[in-house]
There are 2 protein chains.
Amino acid sequence: MPLEWSGSSPELLLVVDRNSGRPLRAQLEHGLREAIRTGRLAVGEKVPSSRELARTLGLSRGLVQECYAQLQAEGYLVTRPGSATRVAAGAAAPPVAARPRPDTGRLVADFRWGVPDLSSFPVEDWLRAQREAARGMATVEFDYGDPRGSAALREVLAGYLRRVRAAVADPEHIVVCNGYAQGLGLALRVLADGGLDTVAFEDPGSPATVGAAAAAAGLRPVPVPVDEHGIDVAALAATGARAVVVTPAHQWPTGVALAPERRLALVEWARDRDAIVIEDDYDAEFRYDREPVGALQGLAPDRVIALGTVSKSLAPALRIGWMVCPPELVAPLTALKHRLDRGTPTLDQVALARLIESGRFDRHLRRMRAGYAARRGTLLAALAEHAPGLPVTGLAAGFHAVAQLPAGVDEQLVVAAARARSVGLYGMATCRAARAGAPAQLVLGFGNVGERAIRAGIAAVGDLLLGRA
Amino acid sequence: MPLEWSGSSPELLLVVDRNSGRPLRAQLEHGLREAIRTGRLAVGEKVPSSRELARTLGLSRGLVQECYAQLQAEGYLVTRPGSATRVAAGAAAPPVAARPRPDTGRLVADFRWGVPDLSSFPVEDWLRAQREAARGMATVEFDYGDPRGSAALREVLAGYLRRVRAAVADPEHIVVCNGYAQGLGLALRVLADGGLDTVAFEDPGSPATVGAAAAAAGLRPVPVPVDEHGIDVAALAATGARAVVVTPAHQWPTGVALAPERRLALVEWARDRDAIVIEDDYDAEFRYDREPVGALQGLAPDRVIALGTVSKSLAPALRIGWMVCPPELVAPLTALKHRLDRGTPTLDQVALARLIESGRFDRHLRRMRAGYAARRGTLLAALAEHAPGLPVTGLAAGFHAVAQLPAGVDEQLVVAAARARSVGLYGMATCRAARAGAPAQLVLGFGNVGERAIRAGIAAVGDLLLGRA
C-alpha cells in the first residue's frame with residue numbers, strides 16, 4: 001500500500017509507493033519537488049523533521065536526510081543551524097507565460113525556403129554518435145580545446161570534403177564554427193582587419209545576411225548581378241572589391257551552376273586582384289540530375305574560403321559549420337574564433353565526426369535525397385496540374401524552386417493573396433539588392449513540406465500563380 | 001568459413017564472415033572503406049562488378065549494389081555511365097600529421113587554474129539528458145530557434161537561479177550564449193553600441209580576457225584595485241566608467257567576497273551613473289564554509305548583467321553559458337547573438353535543462369564539492385608539511401588558492417624553478433594590470449589535480465615556495 005504524508009494540509013502532499021518499481025529516494029525527491037513547484041508546499045513553510053517524515057512514510061531517516069540535502073542543493077529547501085528546514089524563497093514555479101505559436105501551424109502549406117525536412121532528423125543516429133563520442137573522449141578533451149575545433153572532426157571533414165566535394169582540404173587549415181552565419185562573420189571580420197573595405201555578393205542572393213555581416217565588419221557590401229551562367233565576373237571586377245561571397249555549385253536562389261568558364265574567370269580574378277572568394281557550399285549534398293559540381297575551393301585553395309554547414313543536411317538546431325581556409329588565414333580566423341567563444345562545443349563536433357565516419361551521415365543523406373526528389377516530383381506535378389505552363393527553374397539540386405510569375409503580376413500581391421488562403425509563399429524580392437525592374441518570381445521551398453501539403457498548397461494557389469485570381 | 005576476395009592483388013582485400021554476428025552489408029562496407037582508406041585499393045583502381053563480387057563472396061547482388069551506392073555517396077567510389085566503378089580520387093587517407101601533445105602530460109603536478117576536475121564529467125548523466133532532450137523535442141525545435149535560446153532551458157535556468165543564487169530571473173530576460181567569453185563579448189559590444197567608451201575591471205582580475213573583449217568592442221579597459229573587501233568602489237567612481245566587470249561572490253583571483261557595504265555601494269554607483277555591472281558568477285557552485293553569497297543581480301536586476309557558465313560546474317567543452325539581463329538590453333543582445341551565430345545549439349540547451357530539472361546536475365555538484373573539499377584539505381596539509389607558515393588565502397570557494405611568497409622572492413623565478421622540477425606553478429602577474437610593486441604570489445589551481453599529485457607536487461616545490469632553494 002502506498003504510504004502518504006499530508007502534514008497539516010488537507011491536501012495530500014506526498015505519496016511513496018514501494019511497489020511502483022521506482023527507487024524510494026527518487027519518489028520522495030520528486031514528490032517534494034513537485035509539491036514545492038506547484039505551491040502545495042508554500043514558500044517559508046516548515047517541512048517535517050527527517051525523523052517524523054521517515055516514520056510516517058516508513059523510510060529510513062538517512063534516506064530522508066539525503067533527499068533534504070539534495071533539495072537544499074537544488075535550492076528548494078533552506079536549513080539554518082538550530083532551526084527547522086523550510087521551503088526556500090523563490091522555489092515555487094513562476095506563472096507560465098503564454099508562448100507565441102509559430103504562425104505556420106495554421107497554414108495548409110508553408111513554402112518557406114532554407115528549411116530541411118525537420119521531421120527526418122536522425123535522432124537515434126545522432127544519439128548513438130553522441131554516445132560513441134562522449135564515451136570515447138579522452139579526459140583532456142573535456143577542457144577548452146583547440147579553437148579551430150576538434151582534431152577528430154577536422155580530420156574526418158578533410159577526408160570527406162576531399163572525396164565528396166573534390167576540395168583540397170587539410171585538417172590543419174579547417175576552422176570549425178557554429179554554422180554558416182558565424183563562418184561568414186569570422187571571414188569578413190578577418191578580411192576587414194587585413195585591409196579590405198568592400199565585399200561583393202551575388203544579386204539575387206542573400207543581401208540581408210551578407211549586408212549585416214559586412215556592416216558589423218565595417219565593410220561596404222556591393223551587389224553583382226547573376227545571369228544564367230552564374231555571377232557576372234566582369235561586373236565583379238568592375239566593382240574593385242577584393243572579396244566576394246558566391247554559391248557556385250547551385251546559385252542561391254536562382255539555382256544555376258556557375259559555368260565552367262566563369263569558374264576559371266573567378267579564380268583568375270582572385271589571383272589577379274589578390275582577392276578572396278568566400279564559397280558558400282550550402283546545399284551540395286542534394287543534387288539530383290548528375291554528380292555534384294566539385295567545390296570551387298579545389299581549384300584555388302589559396303584563394304577560397306569554403307564554408308559548409310550541417311544546417312541543411314542534418315538540422316539548423318545543431319549549429320555546426322566549417323571553414324576550409326587559405327593557409328595564411330588560419331591563424332587570424334583561429335584567434336578571432338577563440339576571442340568570440342573559445343571554440344565550438346566539443347562533444348557535438350566529435351559526434352559529427354563519428355556520424356560521418358560510420359557512414360550513417362551518408363546513409364541519412366541518401367534517404368533525404370530520395371525524399372526531396374519525391375517532393376520535387378510532387379511539386380512539379382501539382383504545378384503542371386494547377387498552374388500549367390508556369391516556368392519553374394533551379395531544381396537541379398537542393399529543396400527549392402524558382403517560379404516565374406506572368407508579366408504584370410505583382411509578387412507581393414500574390415504572396416498576400418496566398419496567405420489569405422493559408423498558403424505561405426515567398427517572393428524573390430527579399431533576395432534582391434536591386435529590385436527595380438526585376439521580374440516577379442517566387443522562391444518555393446519544399447524541404448519541410450510533406451507531399452500531401454505540397455499538393456493541397458499548390459491546388460489552393462494555382463490560379464494566383466498564373467495571375468488569374 | 002569466412003569468404004574472401006583479393007581481386008588481382010596479392011594481398012587479401014576483403015573478408016566477409018557469416019558467423020561473426022555482424023550484418024554482412026556492414027562487414028562489406030567496412031572492408032571496402034578500409035581497403036580504400038589504407039591504400040590497398042588504389043585511387044583509380046577498378047572494383048569488381050557487383051555480379052562478380054557477389055558471386056565470389058556468396059552474397060546477393062542487391063546487397064553489393066547497395067554497398068557500392070553507399071560508398072559512392074561517401075565519395076569512396078565513382079561510377080560513370082557505361083564504365084566500371086573505380087576508387088575515387090582523394091579517397092585515400094592523407095598522411096597523418098604528428099599532433100603536439102600537451103606539455104602537462106609530463107608534469108608531476110600542474111596547478112593550472114580555471115580547470116575543473118575533467119575526469120569527473122558526468123558522461124552517463126549527460127548522455128541520458130541528451131536522450132531525453134532529443135527524443136522529447138518537437139519537430140519545429142530542430143529548426144533555427146529563438147536566438148535568446150531554448151524556452152525550456154531559459155525557464156529551468158530562471159527557476160534555478162532564483163532558488164540557488166537569489167537572482168531575479170525571468171526567462172524572458174535570459175539570453176543563452178556559448179560560455180562566459182561570448183557573453184562578455186556580447187555585453188561589451190552592446191554597451192559600446194549604446195554609447196559607452198570605457199569598461200572598468202578588477203585588478204587583480206582578468207586583464208587579458210576583458211582587455212581583448214573591450215578592444216574588440218572599441219572600449220577602453222581601465223583597472224580598478226581590489227582590496228580585502230573586494231573592488232574599491234570609490235576608485236571605480238573616479239574612473240568615470242559606466243560599466244564594470246566584477247566577481248562579487250568570490251573575487252577572481254584573490255578569493256575575497258565583496259563586503260556587504262561594498263555591494264550596496266556598487267549598486268548605488270550603478271544607479272547614480274546610469275551604469276551597468278557585469279557580474280561574473282564564475283564559481284558560485286563551489287562554496288565550502290557557508291551558504292553562497294547571493295548574486296548581486298538580485299539586488300539590482302535593472303543594472304546588472306549576470307553571466308553564468310557550465311565550464312566550471314560541468315566542463316568547458318560544453319560551451320554553454322547564460323546572461324540574465326536588464327529588460328532593456330534583451331533586444332540588442334538578442335539581435336547581436338542572432339547576427340553572430342543564430343543561437344546556441346538547441347539539443348545541448350534542452351539537455352542541460354533536463355539535467356538541471358532532474359536533479360542530476362545538483363547531485364553532480366554535491367559530489368564535486370566533496371571532491372574539491374578533499375583536494376583543498378590535501379593541499380593545505382601538504383603546504384603545512386612542506387612549506388610551513390606560507391600564507392594561503394582565497395579558499396572559501398572554488399578550486400584555487402593564493403599563496404603569498406616571502407618578501408624578496410621573485411614570482412617568475414619560482415615558476416621557472418618549479419617547472420625544472422616538473423611542477424606547473426602560475427604566478428599572479430598574468431592576473432594583474434598594474435604589476436609594479438605588486439607582492440609575489442602564486443595562484444594554485446587544484447580543480448584538475450588528484451590528491452596524490454597535489455602531495456607530490458607540493459613536496460617537490462616546498463622549499464621554493466619558502467624562498468629557500
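Treat the numbers as computed from the prediction; the structure is a model and nothing was measured. Heavy atoms only: backbone and side chains are in, while hydrogens, waters and symmetry mates are out.
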Rounded distance (nearest 0.5 Å) linking atom OG of B:Ser358 with atom CZ of A:Arg33 = 7.0 Å
Output a table of donor-acceptor pairs, distance under 3.5 Å, between side-chain atoms of residues 178-186 of chain B and any protein atom two or more places apart or on a different chain; print 'none' if there are none.
unit_1, atom_1, unit_2, atom_2, d
B:Asn178, OD1, B:Lys337, NZ, 3.2
B:Asn178, OD1, B:Thr344, OG1, 2.4
B:Gln182, OE1, B:Asn178, N, 2.7
B:Gln182, OE1, B:Lys337, NZ, 2.9
B:Gln182, NE2, B:Asp341, OD2, 2.9

To the nearest 0.5 Å, atom CZ of B:Arg189 lies from atom CG of A:Leu340 at 10.0 Å
Contacts of B:Gln27 that satisfy side chain to side chain contact (heavy atoms under 4.5 Å, CB included) - sequence neighbours left out | B:Val16, B:Asp17, B:Ser20, B:Arg22, B:Leu24
Atom CH2 in A:Trp126, atom CG in B:Leu347: separation rounded to 0.5 Å?
-> 8.0 Å
Heavy atoms, side chains only, cut-off 4.5 Å: are B:Leu318 and A:Pro345 in contact?
-> no
Kindly indicate whether the side chain of B:Asp362, heavy atoms from C-beta on, has any atom under 4.5 Å from the side chain of A:Tyr76.
-> no
Do A:Asp143 and B:Arg112 have side-chain heavy atoms sitting under 4.5 Å apart?
-> yes
Would you say the side chain of B:Tyr144 lies within less than 4.5 Å of the side chain of A:Ser311, judging by non-hydrogen atoms?
-> yes
Heavy-atom distance under 4.5 Å between the side chains of B:Glu124 and A:Arg135, does that happen here?
-> yes
Is it the backbone or the side chain of B:Arg366 that comes under 4.5 Å from a heavy atom of chain A, or both, or neither?
-> side chain
Mind checking whether B:Val123 and A:Arg131 have side chains closer than 4.5 Å, heavy atoms only?
-> no
For B:Arg128, look at atom CZ and say whether over 12 heavy atoms of other residues, nucleotides or ligands are found less than 6.0 Å away.
-> no
How long is the span from the CZ atom in A:Arg339 to the OG1 atom in B:Thr209, to the nearest 0.5 Å?
-> 11.5 Å
When heavy-atom pairs shorter than 4.5 Å are enumerated against chain B, which of A:Ala216, A:Ala26, A:Ala158, A:Ser119 gives the highest number?
-> A:Ala216
Counting heavy-atom pairs under 4.5 Å with chain B, the top scorer among A:Ile320, A:Leu336, A:Asp348, A:Asp170 is A:Asp348
Atom group of A:Ala69 that falls short of 4.5 Å from chain B, counting heavy atoms | both
With a 4.5 angstrom heavy-atom cut-off, which part of A:Glu285 approaches chain B: side chain, backbone, both or neither?
-> neither
